[in-house]
Amino acid sequence: MKQFDYLVLGSGIAGLTFALKVAPYGQVAIVTKKGRAESNTNYAQGGIASVTSKEDSFELHVRDTLTAGAGLCKENVVRTIVEEGPARIEELIQLGMRFTEREIPSEPGGRELDLGREGGHSKRRILHAKDVTGREIETALLTAVAAQPNIRIFEDHVAIDLITSQKLGYVGENRCLGAYVLDKKRSRVETFAAPVTLLATGGCGKVYLYTTNPDIATGDGVAMAYRAGAAVANMEFVQFHPTCLYHPRAKSFLISEAVRGEGGVLKTLDGREFMDAVHPLKSLAPRDIVARAIDSQMKKTGSPHVLLDITHKPARFIIDHFPNIYQTCLKYGIDITKEPIPVVPAAHYQCGGVVTNVDGETEIPGLYAVGETACTGLHGANRLASNSLLEALVCAHRAAGRVTSQSLPRADYAIPHWQSGSATDADELVVVAHNWEEIRRLMWDYVGIVRTNKRLQRALSRLLNLQQEIHEYYWNFTVTSDLLELRNIATVAELIVRCALLRPESRGLNYNLDFPQLNPDWAQRDSLLRMIP
Ligand code: FAD
Ligand code: SIN
């Protein structure tokens, strides 16, 4: 058994920030399922939203966040995160993060942060590092972690399930005691015990056939917390990013909203600017509106994608602002300085998740959740662009403050080793591959941008059948990371469908043709689910 003071599951911005802050107080294990940098964080493009300019104010950032959230944000949480943002950004800069700067026109030789603009923001307030902000943040945080003797990183280790006192049969409070973890290279399950466990496992884009997310995003944290008895909320609010590159060889490459922020315009294949008739902010309208408008255009015209055109800007400007997007598109034969970019919406961000307060506390003592896996109330029914990196930074700091301000609870529990029982190696791996594909396709077809109750019911009944098959497979065969992820995407898919069925209205990202209006009874209500023991 491996014993630590703090167990951190995940090495994106949330996990790394928390680990750095608790390291002076005890021994930290970071468990991460692939290489240490592989995370949604690493692919973030647009940047971090925070108030740093004299033309901006906390009030405006709060208002924009609340507007995007369509009435469902928790205003006190929004205020805390917005107001604490600048201090956390400053810390990141002290750690070595370099945000892009520009010359101050009125001050020769003077420089200031170059602030980008994205959908739903009334001001320029996005701090960025060209179009590779996430990669730069991940590098800065990992460099700082490498200098910390108290932190050990376990790569290629997949957390399977949380260990809780209730699951072990203890009566009284249900405390989290650590996690069982698959060491992929050794094909061995290890026990990680810790009085404090942080879920920082990110989102669940891979539940859908088309996504901007990398392969790690299989909703493991939400699935594990749900199985452990924690409340999960608002999973119906899956954000579809309007502009993912459409190309047969591009697996999941995002075309940042910042491209529209700098003047990029959405057009039909015959060159019509279709957003003009949809929203006063046109191509920069909030994401849910843009994604639905694209979906509707594609359905109306039968075209497999729409176009994003920034060719009216000088080539030098485009290449300087978006070097990664320019180079990647060029690799696929698209010169974005000369021709429009084919784009489609794709699953991007999980607004719901494990219910926490703004300090990352879940309902289970000893278990914290921060970042995309958590549902703090910041995003409500629709996340404002570039608010997620901000949320992860602020909440990781607050969670670290919370756990280090109290003495670590003593854990007097006997934790048994993982029992493989009579499990054998899986005989038919095709079952795992088939079920993966089926879930992702049915979620795309039945639980996508526009929903109906009939499609949701159809999805649910199919998912319940698949769950049964996966359950049998899970108990009869030795665990592999593919099987663990399949089990988790099946659980998360079910949670998304159940939450969508709970909500009899269209609000933010949950658009249901059977309930096309807002329902005032649901204005302040989260869709809450807990596993029935
Ligand atoms: P992640 O960064 O996803 O990290 C999760 C970690 O958990 C990974 O290390 C993963 O390997 C690990 N993990 C998962 N499951 C397990 C398991 N079972 N066992 C062990 N380890 C596990 N947001 C913004 O604010 N601004 C942007 O510009 C922006 N751009 C984006 C662009 C793209 C292409 C994508 C995909 C997202 C973007 N987002 C952006 C969203 C933002 O990047 C994420 O919400 C944020 O990075 C999540 O951070 P996190 O630390 O919670 O999770
Ligand atoms: C983007 O760059 O468009 C992504 C921003 C975000 O998801 O917040």
Side-chain angles (χ1 to χ4, degrees), residues 7-18 30-50 116 118-121 126-129 131-135 137-138 141-142 153-162 179-182 184 192 198-206 211-224 239 241-245 252-261 287 322 325 346-351 353 369-374 379 383-393 395-396 481 484-485 488:
L7 171 61
V8 178
L9 304 178
S11 57
I13 186 171
L16 296 177
T17 305
F18 178 87
I30 300 178
V31 164
T32 189
K33 70 178 172 185
K34 285 197 164 182
R36 60 192 66 195
E38 193 55 9
S39 56
N40 275 7
T41 302
N42 203 41
Y43 297 90
Q45 293 187 358
I48 309 186
S50 190
E118 288 180 327
H121 288 275
I126 319 296
L127 290 88
H128 62 102
D131 58 352
V132 288
T133 312
R135 198 160 77 199
I137 292 177
E138 194 67 22
L141 290 171
L142 281 172
I153 301 194
F154 295 84
E155 294 180 304
D156 295 311
H157 279 60
V158 190
I160 303 173
D161 258 324
L162 297 167
Y180 290 117
V181 173
L182 172 67
K184 287 201 281 184
F192 281 72
L198 176 79
L199 280 175
T201 45
C204 69
K206 295 296 284 188
T211 176
T212 62
N213 291 191
D215 289 347
I216 53 97
T218 50
D220 299 2
V222 169
M224 285 189 282
Q239 185 170 70
H241 196 294
T243 57
C244 186
L245 177 63
S252 49
F253 184 69
L254 181 75
I255 307 295
S256 175
E257 196 152 302
V259 173
R260 279 172 286 134
R287 267 184 205 174
F322 306 111
I325 295 175
H348 182 62
Y349 186 83
Q350 164 196 304
C351 293
V370 171
E372 193 165 338
T373 205
H379 308 307
R383 176 184 64 111
L384 184 67
S386 289
N387 262 357
S388 40
L389 294 172
L390 176 73
E391 180 191 44
L393 269 185
C395 294
S481 68
L484 293 172
E485 289 183 341
N488 290 334

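Note that ligands are numbered from 1 as they come in the structure, with each ligand's atoms numbered from 1 the same way. None of the values given here were measured: they were computed from a predicted structure.
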- Message: Can you confirm whether the side chains of H379 and E391 place a donor and an acceptor under 3.5 Å from each other?
- Response: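 Yes.
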Considering only heavy atoms from C-beta outward, does the side chain of E118 approach that of S256 to under 4.5 Å?
->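 A side-chain contact under 4.5 Å exists here.
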| query | If we only count heavy atoms from C-beta on, is the Y349 to T212 side-chain gap below 4.5 Å? | reply | no
Could you tell me, atom by atom, which parts of ligand 1 come under 4.0 Å of a heavy atom of [X]?
X    : result
E38  : 8 (C), 9 (O), 10 (C), 11 (O)
H157 : 19 (N), 20 (C)
V158 : 18 (N), 19 (N)
A200 : 4 (O), 5 (C), 6 (C), 7 (O)
R383 : 23 (N), 24 (C), 25 (O)
S388 : 23 (N), 24 (C), 25 (O), 40 (C), 41 (C), 42 (C), 45 (O)
D220 : 15 (N), 16 (C), 17 (C), 18 (N)
G46  : 28 (O)

Is [X] in polar range of ligand 2, meaning some N or O pair under 3.5 Å apart?
X    : result
S256 : yes
G46  : yes
R383 : yes

Salt bridge or not for E257 and R260, using N-O below 4.0 Å?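 R260 and E257: salt-bridged.
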Salt bridge present between E485 and K33 (N-O < 4.0 angstrom): yes
The atoms of ligand 2 lying under 4.0 Å from a heavy atom of H241, numbered in the order shown, are 1 (C), 3 (O), 4 (C)
Counting both backbone and side chain atoms, is some N or O of [X] under 3.5 Å from an N or O of ligand 1?
X    : answer
Y43  : no
K34  : no
A159 : yes
A44  : no
I216 : no
A392 : no
T373 : no

Please compare [options] and report which has the shortest non-hydrogen distance to [atom].
atom                    : options              : answer
atom 5 (C) of ligand 2  : E257, Q239, R287     : R287
atom 50 (P) of ligand 1 : T212, L141, T41      : T41
atom 26 (N) of ligand 1 : A217, S39, G47, G371 : G47

Which of H348, Q350, R383 passes side-chain hydrogen bond (donor to acceptor under 3.5 Å, both in side chains) with Q239? Answer is R383
Starting from [atom], what is the nearest protein heavy atom, named by residue and atom, and what distance separates them?
atom                    : answer
atom 48 (C) of ligand 1 : E372 OE1, 3.8 Å
atom 7 (O) of ligand 1  : G10 CA, 3.1 Å
atom 51 (O) of ligand 1 : A14 N, 3.0 Å
atom 8 (O) of ligand 2  : S386 N, 2.6 Å
atom 1 (P) of ligand 1  : N40 N, 3.6 Å
atom 14 (C) of ligand 1 : T201 O, 3.3 Å
atom 36 (C) of ligand 1 : N213 ND2, 3.3 Å
atom 37 (C) of ligand 1 : H348 CE1, 3.5 Å
atom 53 (O) of ligand 1 : G202 CA, 3.3 Å

| request: Hey, could you give me the CG/CG distance between D161 and L182, rounded to the nearest 0.5 Å? | output: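 Interatomic distance, D161 CG to L182 CG, rounded to 0.5 Å: 12.0 Å.
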Interatomic distance, OH@Y180 vs CE@M224, rounded to 0.5 Å, equals 14.0 Å
For T243, is the nearest heavy atom under 4.0 Å from an atom of ligand 2?
->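 T243 does not count as a contact of ligand 2 under the 4.0 Å cut-off.
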Whether [X] lies under 4.0 Å from ligand 1, heavy atom:
X    : value
T32  : yes
I48  : no
E391 : no
E118 : no

Going by the 4.0 angstrom heavy-atom rule, the piece of L254 near ligand 2 is side chain
* Where's the contact between K33 and ligand 1, heavy-atom distance under 4.0 Å: side chain, backbone, both or neither? ->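 Both backbone and side chain.
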